[in-house]
Each structure stands twice: as structure tokens, then as C-alpha cells.
Amino acid sequence: MTEKQRRSGDRPFAVLFICTGNICRSPTAEAVLKSLCLKVGIGLRIESAGLGHWHVGDPPDERAQRHARMRGYDLSAQRARQVSMRDFDEFDLILAMDRGHLRALKRMAPTTQHRARIRLFVRDCDMPDPYYGGAEGFERVLDLVEEHCRLLIEELRESLTGPTS
């Protein structure tokens with residue numbers, strides 16, 4: 001897909017969140033961004049994936065689902081998948097949850113143009129992994145995801161439609 005096609009609206013702008021196994025952080029970010037985009041009327045393609053294959057086909061971690069549900073987000077229909085080479089062509093923005101994911105994705109990316117679409121979700125900071133912790137870790141991830149999804153929406157709104165007055 002060319003940059004002209006992306007800008008011309010031939011398809012929705014596509015965002016992919018990446019974490020380790022696609023069962024905690026990235027599915028949470030996917031659900032939150034989808035929910036917020038619905039509320040503000042922005043049509044994006046939003047998905048998530050993991051670097052590893054360990055959880056492919058599994059639903060998100062039950063703790064992630066429970067904490068998200070308490071805030072009104074439903075992760076239950078999501079199933080973990082592993083990032084593929086095709087994702088580098090299909091997604092306009094690939095957001096890594098931590099620096100390790102960022103390095104791995106940049107190594108995987110087939111071209112410089114593809115690498116330019118990859119960045120940290122939380123700029124200059126790693127999203128903490130709640131997997132080995134308690135409830136407070138999942139709440140902290142939700143706090144960060146909500147905050148940074150709102151910032152992402154504003155950034156995308158401006159880049160896709162121009163500055164708002």
C-alpha cells in the first residue's frame with residue numbers, strides 16, 4: 001500500500017499493539033483504543049499481537065479481562081496471535097509496549113520504511129508487564145493505556161484530518 005493510498009482514505013488507518021504474548025498489555029490497549037475511538041467517532045483498524053507464540057489462540061489473561069471489565073472494556077472475544085511479516089505491510093503504526101519489543105520489531109521489519117512505522121506506545125517509557133504481579137499492576141496498565149490512548153487519538157486526529165480549531 002502506498003502512502004498516497006493511506007492518505008486518500010482507501011482503507012482505515014491501522015494500528016497494531018505489540019507485547020510479549022498478546023494476553024495482557026496489547027489486548028488491553030486494543031480494547032481501550034477501540035472503545036475510545038467509538039466514543040469520538042474515529043474509524044481505525046485496531047488489533048494486537050504478541051512477539052511470542054506461547055498463547056496463540058488463547059483469550060487474554062483472566063486478570064486483564066476482569067480489571068478491564070470493571071472499567072467497561074470487553075476483552076473476551078479477543079484471541080492471542082503472533083505478529084507476522086504481513087503486519088508490517090498492513091499496519092500504519094505499530095506500537096511496542098516496551099523497549100525489548102521495540103528492538104525485536106525493528107529487527108524483524110523488512111525495510112527502513114517499515115521500521116519508521118514502529119515506536120513505543122508510551123513514548124520514552126516501558127509499559128510495565130502486570131503478568132507476574134497483583135491487581136495493582138493491571139490497574140496501573142489500565143491507567144497508562146487509557147491516558148496514552150487518549151493522547152494517541154489526539155495525535156491521529158490531527159495527522160489524519162489536520163489541526164482542529
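As a basis for the values below, the full set of heavy atoms in this structure was taken, side chains included, without hydrogen atoms, waters or symmetry mates. Each residue takes its place number in the sequence, starting with 1. Keep in mind that this is a model prediction, so the values were computed, not measured.
Ion pairing between Asp126 and Arg25 fails under the 4.0 Å rule for side-chain N and carboxylate O.
Considering CZ of Arg103 and CD1 of Ile118, their distance stands at 13.5 Å, rounded to 0.5 Å. Between Lys39 atom NZ and Leu36 atom CG the span is 6.0 Å, to the nearest 0.5 Å. Rounding to the nearest 0.5 Å places CD of Glu147 at 12.5 Å from CG of Leu142.
The two atoms that bring Ala29 and Cys149 nearest to each other are O-SG, 4.0 Å, heavy atoms only. Between Ala80 and Gly21 the shortest heavy-atom distance is CB-O, 3.7 Å. Taking both residues in full, the closest heavy atoms of Cys19 and Pro27 are given as SG-CD, 4.4 Å, listed atom of the first, atom of the second, then distance. In this structure, Leu120 and Arg99 approach most closely via the heavy-atom pair CD2-N, 3.7 Å. Nearest heavy-atom pair, Asp74 versus Ser76, reported as atom, atom and distance to 0.1 Å: OD1-OG, 2.6 Å. Annotation for His114 and Phe88: closest pair CD2-O, 2.8 Å, computed over non-hydrogen atoms.
Taking the salt bridge (Lys or Arg N to Asp or Glu O under 4.0 Å) definition, one finds that Asp143 meets it with Arg71, sequence neighbours left out. Residues meeting the salt bridge (Lys or Arg N to Asp or Glu O under 4.0 Å) test with Glu155, sequence neighbours left out: Arg119, Arg123. Glu90 meets the side-chain hydrogen bond (donor to acceptor under 3.5 Å, both in side chains) test with Arg45, Arg86; sequence neighbours excluded. In this structure, the salt bridge (Lys or Arg N to Asp or Glu O under 4.0 Å) partners of Arg63, at least two apart in sequence or on a different chain, are Asp61. Annotation: side-chain hydrogen bond (donor to acceptor under 3.5 Å, both in side chains) contacts of Gln78 (sequence neighbours excluded): none. Listed by chain and residue number, His67 satisfy the ring pair (Phe, Tyr, Trp, His ring centres under 6.0 Å) test with Phe138 (two or more places apart in sequence, or in another chain). Contacts of Arg79 classified as side-chain hydrogen bond (donor to acceptor under 3.5 Å, both in side chains), with partners at least two apart in sequence or in another chain: none. Every residue two or more places apart in sequence or in another chain was checked for a side-chain hydrogen bond (donor to acceptor under 3.5 Å, both in side chains) with Asp58, and none qualifies.
Looking only at side-chain heavy atoms (C-beta outward), Ile153 and Cys37 come within less than 4.5 Å of each other. In this structure, the side chains of Pro128 and Leu144 come closer than 4.5 Å at one or more pairs of heavy atoms. Under the 4.5 Å side-chain criterion, counting only non-hydrogen atoms from C-beta, Ile18 is in contact with Leu105. With contacts defined as side-chain heavy-atom distances shorter than 4.5 Å, the pair Leu16/Glu47 qualifies. At a threshold of 4.5 Å between non-hydrogen side-chain atoms, the residues Arg81 and Asp87 count as touching. Between Met97 and Phe17 there is a side-chain heavy-atom pair separated by less than 4.5 Å.
Here the rule is side chain to side chain donor-acceptor pair (under 3.5 Å) with Tyr73, and of Glu30, Glu146, Gln65 only Glu146 fits it. Test Ile94, Leu156, Asp92 against Val15 for side-chain contact (heavy atoms from CB on, under 4.5 Å) and you get one pass: Leu156.
No chain of hydrophobic side-chain contacts below 4.5 Å, direct or via other Ile, Leu, Val, Met, Phe, Trp or Tyr residues, connects Val40 to Leu151.
With hydrogens and angles ignored, the 3.5 Å screen pairs no side-chain donor or acceptor of Ser35 with any backbone N or O of Ala31. Between the side chain of Gln82 and the backbone N or O of Gly50 there is no donor-acceptor pair closer than 3.5 Å.
Apart from Leu38 itself, the hydrophobic cluster it occupies contains nothing, where clustering links Ile, Leu, Val, Met, Phe, Trp and Tyr at side-chain heavy-atom distances under 4.5 Å. Ile23 belongs to a hydrophobic cluster with Tyr131, Tyr132, counting contacts under 4.5 Å between side-chain heavy atoms of Ile, Leu, Val, Met, Phe, Trp and Tyr, direct or through other members.
Pairs engaging residues 139-159 under the ring pair (Phe, Tyr, Trp, His ring centres under 6.0 Å) rule: none recorded [sequence neighbours left out]. For residues 45-64, there are no ring pair (Phe, Tyr, Trp, His ring centres under 6.0 Å) pairs, not counting sequence neighbours.
For Arg140, the CZ atom is loosely surrounded, since the number of other residues' heavy atoms within 6.0 Å does not exceed 12.
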Checklist line | side chain to side chain contact (heavy atoms under 4.5 Å, CB included) evaluation trace for Phe121 with Val145 | finding: CA-CA 9 Å; Phe121 174 42; Val145 165; 4.1 Å; yes
